[in-house]
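All remarks here apply to the structure that follows.
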Amino acid sequence: MENPLFLFPHLNISSLKEKTHCKVMKSTNKEETNKEIKTRSKEKRNRLSLLLQKAEFHENVNLEKFENLTKGSSVTPEEAVRWGESFDKLLSQKAGLDAFTRFLKTEFSEENIEFWTACEDYKKNRASHQLLPKAKTIYETFIRKDAPKEVNLDFQTKEVTTQNITHPTLNSFDAAQAKVYRLMEQDSYPRFLRSDMYLDLIKGRQHSGHPALRRRSRSFTFNEFQDVQSDFTIWL
């Protein structure tokens, strides 16, 4: 009886302490796991709620933007019908150009018509000293890689344009402008003629529906980039 703990191992206090400690640890770990699961679930619900709110906000902004663009049109059905004769006739009339620009804004692709318009304005310069700063502004806004309103140009056309504007002339953007013109004529113009906006114009009523939104685009106006910071390495 000198060694009771040895004779009766089930009464070993040390062993009982270890078992109790293991049970406590398992219970604590289980509670922590449950807390982590609840926390992650709550975070997921919060993120989902924020995403839904953000999507609803952008949808409301886009619809409001579209409705504002279609208000106050004074175009006659006869004028609108003539726009359907050719893309050139559409752009040659201010009302047609404005209507087409409004349509491109609903598709988030207004950079194309703004680039074309900027090139038209550029070719009206008569003072040679104005060519370089205006060419730089157009390049930085529409041509360079990752430009705020970069237009879709193939590599060769972009390279030719970049070389042309190192010593700019009135024709420096002709190749790029022609590419963008054909892109709009073959792609955007047919969709414009099929759009509810145009069909309502030739029927003599304002459009009240909501268009299908196509893609996002960095939306800035040309005048906002008059003071743009240039990458002067191409001008050296």
Side-chain angles (χ1 to χ4, degrees), residues 62 65-66 68-69 83 86-193 195 197 213-236:
N62 290 330
K65 177 182 178 182
F66 177 77
N68 290 337
L69 288 172
W83 299 345
S86 71
F87 187 49
D88 185 61
K89 281 191 177 182
L90 173 68
L91 297 187
S92 65
Q93 299 181 21
K94 184 181 184 303
L97 177 61
D98 291 343
F100 186 62
T101 301
R102 291 197 298 271
F103 170 74
L104 291 184
K105 286 183 178 181
T106 68
E107 295 199 327
F108 300 99
S109 59
E110 67 271 23
E111 68 274 3
N112 293 321
I113 194 63
E114 290 186 6
F115 171 67
W116 183 86
T117 304
C119 291
E120 288 294 290
D121 180 69
Y122 174 82
K123 289 187 289 188
K124 295 176 183 177
N125 284 296
R126 291 295 175 263
S128 58
H129 68 276
Q130 293 181 350
L131 294 181
L132 183 60
K134 289 192 174 183
K136 288 161 63 175
T137 299
I138 293 175
Y139 176 84
E140 293 295 329
T141 306
F142 299 103
I143 304 294
R144 70 170 173 83
K145 183 179 179 182
D146 296 326
K149 303 208 72 173
E150 184 179 3
V151 292
N152 187 14
L153 295 174
D154 59 89
F155 176 79
Q156 183 177 0
T157 302
K158 183 172 289 192
E159 286 295 303
V160 168
T161 305
T162 302
Q163 292 298 320
N164 287 346
I165 59 180
T166 56
H167 301 287
T169 67
L170 293 177
N171 305 112
S172 293
F173 294 100
D174 283 1
Q177 186 184 17
K179 289 279 186 181
V180 172
Y181 180 93
R182 285 195 295 273
L183 175 64
M184 292 189 295
E185 182 180 32
Q186 296 171 7
D187 184 40
S188 303
Y189 177 56
R191 285 201 306 276
F192 170 73
L193 297 180
S195 69
M197 179 190 295
L213 303 178
R214 297 179 60 83
R215 70 173 181 84
R216 293 182 182 274
S217 176
R218 297 148 298 192
S219 181
F220 304 91
T221 60
F222 177 71
N223 290 333
E224 289 175 338
F225 289 93
Q226 294 296 327
D227 299 322
V228 68
Q229 294 287 335
S230 299
D231 180 2
F232 289 100
T233 56
I234 70 161
W235 310 102
L236 300 179

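Remember, predicted model here, so these are calculated numbers, not experimental data.
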Are any of the side-chain nitrogens in D98 or K94 under 4.0 Å away from the carboxylate oxygens of its partner?
yes
Please check: side-chain N/O of D154 versus main-chain N/O of T157, any donor-acceptor pairing under 3.5 Å?
yes
Donor-acceptor pair, distance only, cut-off 3.5 Å: does the side chain of T141 make one with the backbone of I138?
no
Any chance you could measure L132, atom CG, to T166, atom OG1, to the nearest 0.5 Å?
9.5 Å
Side chain to side chain, W116 and N112, heavy atoms closer than 4.5 Å
no
Test item: Y189 side-chain N/O and S86 main-chain N/O as donor-acceptor pair under 3.5 Å
yes
Side chain to side chain contact (heavy atoms under 4.5 Å, CB included) evaluation trace for L170 with R126:
CA-CA 9 Å; L170 293 177; R126 291 295 175 263; 3.9 Å; yes
CG of D121 to NZ of K134, rounded to nearest 0.5 Å, is 5.0 Å
Which atoms form the tightest heavy-atom contact between S195 and F103, and what is the distance?
CB-CE1, 3.7 Å
Keeping the roles fixed (side chain from T137, backbone from P133), state whether a donor-acceptor pair exists under 3.5 Å.
yes
So F173 and F115, would you call those rings parallel, tilted or perpendicular, with 30° and 60° as cut-offs?
perpendicular
Between the side chains of N164 and T161, does any donor sit under 3.5 Å from an acceptor?
no
Run the salt-bridge test on K105 and E114 with the 4.0 Å N-O cut-off and return the result as yes or no.
no
Please name the pair of heavy atoms, one in E140 and one in R144, separated by the smallest distance, quoted to 0.1 Å.
OE1-NE, 2.6 Å
Are E111 and N152 packed together at the side-chain level, in the sense that at least one heavy-atom pair is separated by less than 4.5 angstrom?
no
Mutual orientation of the aromatic rings belonging to F192 and F100 [parallel < 30°, tilted 30-60°, perpendicular > 60°]
perpendicular
Between D187 (side chain only) and M184 (backbone N and O only), is there a donor and an acceptor less than 3.5 Å apart?
no
Euclidean distance, L153 CG relative to Q177 CD, rounded to 0.5 Å:
11.5 Å
Do Y122 and S172 come close enough that some side-chain heavy atom pair is under 4.5 Å?
yes
Side chains of T117 and I113 in contact at under 4.5 Å (non-hydrogen atoms):
yes
Could you report the tightest heavy-atom contact between F142 and A118, atom names first, then the distance?
CE1-CB, 4.1 Å
Output the distance between atom CD (E185) and atom CG (L90), rounded to the nearest 0.5 Å.
10.5 Å
Does E150 use its side chain to pair, donor to acceptor, with the backbone of D146 at less than 3.5 Å?
yes
Close side-chain approach of R102 to E110, heavy-atom, < 4.5 Å:
no
Check this for me, if you would: do E107 and R191 make a salt bridge, where the nitrogen-to-carboxylate-oxygen distance has to be below 4.0 angstrom?
yes
Do the side chain of K158 and the main chain of I143 share a donor and acceptor less than 3.5 angstrom apart?
yes
